[in-house]
Undergrad: 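The following block contains the structure, expressed as C-alpha cells.
In what follows, chains are A, B, ... by sequence order, proteins preceding strands, each numbered from 1. Worth knowing before you read on, the calculation uses all heavy atoms, side chains too, and leaves out hydrogens, waters and symmetry mates.
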Amino acid sequence: MSGFRLFDLNPEQFRAATHPDGPMLILAGAGTGKTRVLTARIAWLVSQGVEPSSILAVTFTNKAAKEMRERVAATVNSEQAKQITLSTFHALCVRLLRKHAHLLGYKENFSIFDEGDQMGLVKKIAARIHDKQDPIDPNLARNIISKAKNLGMSEPETTDTALGSLFSKYQNELRTLNAMDFDDLLLQARTLLRDHPEARDEWRSRYRHIMVDEFQDTNKLQLELVSLLAGEERPNICVVGDDDQSIYGWRGAESANLLEFERHFPDPEVIKLEQNYRSTDIILSVANRLIRNNSKRRGKNLWSDRKEGDPVRILLASDDKAEAEFIADEIQAAGPQSAKARPWTDFAILYRMNAQSRQFEEVLRERRIPYRVVGGKSFFDRREVKDVVAYLGALLNPDDDNALLRVLANPPRGIGSATLQLATEAGAKNRKSLLAILNDPEHLAVSSSRTRIAIQRFTEDWGTYRIQLQTPGTDISGLLRGLLEECGYYEDLKKSCKTEAESDGRQENVHELLNALAGYCQRHPREGARGFLDGLTLEQEREEEKAEEREGVTLITLHAAKGLEFPDVWLVGAENGVLPHERSKAEGTVEEERRLLYVGITRARHRLTITHCSTRRKFGSVSSCIPSPFLLELQGEGVETGSVEEILSQPLSEEESEDAFARMKAMLRGE
DNA sequence: GAGTTGCTTCTTTTT
DNA sequence: GAAGCAACTC
C-alpha cells in the first residue's frame, strides 16, 4: 500500500479521491486543497491496481505540473510515478505531434514558434501584403489569428480580406518552415485525433483515467482534445476547477466548459469543496463579498474555521514610489532581521502588470532585501540565449528559415540583408528553404564575388556540422560549443558588450545553456536536443528553478500567482485603469478583472494589505489615479482603510524601535 | 554590409 | 521609459 493518507482528507475530498469511475466534476474553491485531492486520487487509483501509465493528468501551467509531479512522487513509488503522464496541454500535444506529425504533412522535427517568432512572421507577411487602404496592425492580426485558432479554425473563412489573406499566408508559411506556433500545437493535435483514427485509438486506449486541473481555463480546443482522448462511453474523466478563478478569458478560455460540464460528459459525480484551509475567516469574507458582484457564477460558499486574524487593510499612498517604500518598510520590520524574524519567503507583492515590478525591485534592491520576480521576461528574452536557441533550432530543423536568419546575422558573416532578401524571394518562388537556396547558388543572382564566397564558406561549414549532428551518439552540446567558438560568435558577443562584466555575464549564460543542454541529453537520451528545445520554448523558465530556490520576497503578477499562497500579501496598484485594466473596461471584461482581484485576495493566509496611489508614473510621466471601484465592494466588516502616511506617522512600538535601532547599528557596521 | 544614432510608438494578463 | 525602427555614417 502506498504512503498516501486518505484519512487526512475531509469527507468531500475523500469522496473525490476515491470515486471509482465515470465522469466527475470537482468544484474546488480557492485553498480547498484541490491539488491534494488530485494527488490523493492518483495514489488511490494506483493502489486499486490501475496501471500508472494509463493515468493522464493535465495541468495548465508548468509550475502546476511540476508541483503535482513532486507531490505524486512523494505518494506513490518512484517507478510508478515515472509512468504517470503529468504534463501541460501544450507539452502533451507536442508529444503526440512529434510522433504523428507525418500524418498531418509536417516533419517530426518541426520547430515550435514562440510569441516572438510568431510576431516576426506576421510582420513579415503584413509587410509583403502591404495594403495601403487598410494597413494591418500586426499585433491585432496576431491576436485575431490566435483567437480563431483557439476556436478550432485552421484557416480563414475568406481570403478576400487583408486579414484573411494574412491568416492563410501565415499558416502556409508555417507549414513550409516546418513550424507550429503555440496555438497550432493544440489545433494540430486536435486535428490529428479527430481525423486519424489510428492515432486516436492508440492514445485513447493508453489513457484510461484522465484528470484536468484548472478546467475553467480550458478553451474550446482543449475541451475538444480532452473529449477526443476520453472517448464516448462514460469515460473516466475527472476535472477540477473554480469558475470564480477563471482569468484567462482573453486567451479563449471558456468557463462554460466547467459550468456546462454535464453537457459534454453526462451524469457526472459532482463534488463541491468549500472548506478553505488557507486563509483567515476575515480574508475569506472580504473575498466572498467581492465575488458576489459577479453575475455568471455557479455559486459557492467558502468558509474557514480560522476565526482569528488581522483586518484587511486598504491603504492610500501618495505615489507609486511611496507605495513601494512603505511596503519595503513593512517587510523589513517583519523580516528575518527583525524581532518577528520571519523568512523573506513569507511575503509577496502582487500586481496587475509586469511593468509594475520595477518600482519594487528598485526599492528592495536599495535596501538589500532579497526578492525574486516570477514570470516576466527573463532568461529566454536575452539576446545571447535567443541566439544559441536559434543555432540549435536551425541545426535541428533545416527548414526553419527564421532560426537560420538569426544565425546568419550573429556574428555577421558578410551575408547582408540585401542578399538574404534575394535568397528569401528565391526560396518562395522555388518552394525551397533558405538553406537549400544558399546551398545551391544557381538560384541566387548574387552580384559580388565577395558575397558568393561568404555564402560558400558558411554553407560548407554548416554542412559539416549538420553531418556531425546526424552521426549517432554525437554530443550536441559539445558540437554547438565548438561551432560557436569557430564561427567567432563569442568574439562578436564580446564586442557588442559595453563592459567586461556584461560580456562575462552573457558568456556565462551561453555556457549555462550549453551545460543544461548537455545535462538534459544525458538524462533524456531519447528526447535529446529536440526535447530540450521544446522544454525551453514551452516553459520559458529555465531560470525559474534557480529562482525558486532563492530565498526572497516574491514579486508576481496576479495571473501568475494563481495556485500559490503566502502568509503576508500586499496587493498593489488597486486603481481604476490598472486593476480593472483600462483595456478590459473597453472590452467589457470587468468581471474577469474582479475575479483577478479575487484570486489575489485568496492568496493571503494571514494578512492582506491592498494599496493604491494618488498619482503614478505611467508612460514615463506622472498621471493621477482614482481608486479602483472594486475597493468600494470590499468595504465592510473586517476592512480597515487608511493611508500610508498615517501609519508611518504612528509612533513605533517598543519592539519596532528596537528593531530599527538594531538595523541602524548594523548599517553603521557596514551590513 | 555593418553599426550607430535619434526618432517613434505604445504596454495586460501566458502556454 | 524601453524597445523597435528608420535613416544616417563609416
Undergrad: Is a donor from one side chain sitting under 3.5 angstrom from an acceptor on the other, for A:Asp181 and A:Tyr170?
TA: yes
Undergrad: Select base, sugar-phosphate, or nothing to describe what A:Phe60 touches, counting heavy atoms under 4.0 Å on all strands.
TA: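 Counting heavy atoms under 4.0 Å across all strands, the contact made by A:Phe60 is with sugar-phosphate only.
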Undergrad: If you check every side-chain atom of A:Ala418, which of B:dG1, B:dA2, B:dT11 has the closest atom?
TA: B:dG1
Undergrad: For A:Lys147 and B:dT15, what is the distance between atoms NZ and C1' respectively, to the nearest whole Å?
TA: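 Atom NZ in A:Lys147 sits about 15 Å away from atom C1' in B:dT15.
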Undergrad: How close do A:Gln188 and A:Leu104 get, counting heavy atoms only, and between which atoms?
TA: O-CD1, 3.6 Å
Undergrad: How many Å lie between NZ on A:Lys618 and P on B:dC10, as a whole number?
TA: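 In whole Å, B:dC10 P and A:Lys618 NZ are 17 Å from each other.
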Undergrad: Can any side-chain N or O of A:Arg95 pair as donor or acceptor with the backbone N or O of A:Ala91 at less than 3.5 Å?
TA: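 The answer is no, because no donor-acceptor pair under 3.5 Å joins these two groups.
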Undergrad: Can you measure A:Lys66 atom NZ to B:dT15 atom P for me and round it to whole angstrom units?
TA: 13 Å
Undergrad: Report the distance from atom NZ of A:Lys149 to atom P of B:dT15, rounded to the nearest whole Å.
TA: 18 Å
Undergrad: A:His559 side chain: which of C:dA2, B:dT14, B:dT15 is closest?
TA: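 Of C:dA2, B:dT14, B:dT15, B:dT14 is nearest to the side chain of A:His559.
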Undergrad: Between B:dG3, B:dG1, B:dT13, which nucleotide has the shortest distance from any of its atoms to the side chain of A:Thr557?
TA: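 Of the options given, the side chain of A:Thr557 lies nearest B:dT13.
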Undergrad: Closest approach to the side chain of A:Arg617, judged atom by atom: which nucleotide of C:dG1, B:dT15, B:dG1 is it?
TA: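 It is C:dG1.
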Undergrad: Between C:dC5, B:dG1, B:dT11, which nucleotide has the shortest distance from any of its atoms to the side chain of A:Lys123?
TA: C:dC5
Undergrad: Does the distance from a Lys or Arg side-chain N to an Asp or Glu carboxylate O, for A:Glu362 and A:Lys321, drop under 4.0 Å?
TA: no
Undergrad: A:Asp183 has an atom CG; how far is it from atom P of B:dT14, in whole Å?
TA: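 In whole Å, B:dT14 P and A:Asp183 CG are 16 Å from each other.
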Undergrad: Provide, to the nearest angstrom, the distance between the CZ atom belonging to A:Arg142 and the P atom belonging to B:dT13.
TA: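 Taking atom P of B:dT13 as the reference, CZ of A:Arg142 is at 12 Å.
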Undergrad: Without swapping roles, check the side chain of A:Arg530 against the backbone of A:Asn109 for a donor-acceptor pair under 3.5 Å.
TA: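 Indeed, once roles are kept as given, a pair shorter than 3.5 Å links the two residues.
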Undergrad: For the side chain of A:Phe619, starting at C-beta, report the closest nucleotide among B:dA2, B:dT14, B:dC10.
TA: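 Nearest to the side chain of A:Phe619 among the choices is B:dC10.
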Undergrad: Contact class for A:Glu587 (heavy atom, under 4.0 Å): base, sugar-phosphate, or nothing?
TA: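 Base, at least one base atom sits under 4.0 Å.
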Undergrad: For B:dT11, does OP1 or OP2 lie under 4.0 Å from any side-chain N or O of A:Asn354?
TA: no
Undergrad: Any idea which of B:dT11, B:dT14, B:dT15 is nearest the A:Arg583 side chain?
TA: B:dT11
Undergrad: What integer distance in Å separates A:Lys386:NZ from C:dG4:C1'?
TA: 12 Å
Undergrad: Between A:Glu325 and A:Val363 (side chain of the first, backbone of the second, donor and acceptor by atom type, cut-off under 3.5 Å), is there such a pair?
TA: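 No; zero donor-acceptor contacts below 3.5 Å.
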Undergrad: More 5' along DNA chain B: A:Ile247 or A:Pro412, using each one's nearest nucleotide?
TA: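 Result: A:Pro412.
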Undergrad: Starting from the 5' end of DNA chain B, give me the residue, A:Leu186 or A:Asp492, whose nearest nucleotide shows up first.
TA: A:Asp492
Undergrad: Choose from B:dT11, B:dT14, B:dT13 the nucleotide whose nearest atom is closest to any side-chain atom of A:Asn139.
TA: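 Among the listed nucleotides, the one closest to the side chain of A:Asn139 is B:dT11.
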Undergrad: So, is A:Thr537 near the phosphate of B:dT15, with a side-chain N or O under 4.0 Å from OP1 or OP2?
TA: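 For A:Thr537, the contact criterion (side-chain N or O under 4.0 Å from OP1 or OP2 of B:dT15) is not met.
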Undergrad: Separation of A:Lys585 atom NZ from B:dT13 atom P, in whole Å?
TA: 17 Å
Undergrad: Counting any heavy atom closer than 4.0 Å, what does A:Arg413 reach on the DNA or RNA strands: base, sugar-phosphate only, or nothing?
TA: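 Sugar-phosphate, no base atom in range.
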Undergrad: If you check the A:Trp250 side chain, which of B:dT13, B:dT15, C:dG1 turns out closest?
TA: B:dT13
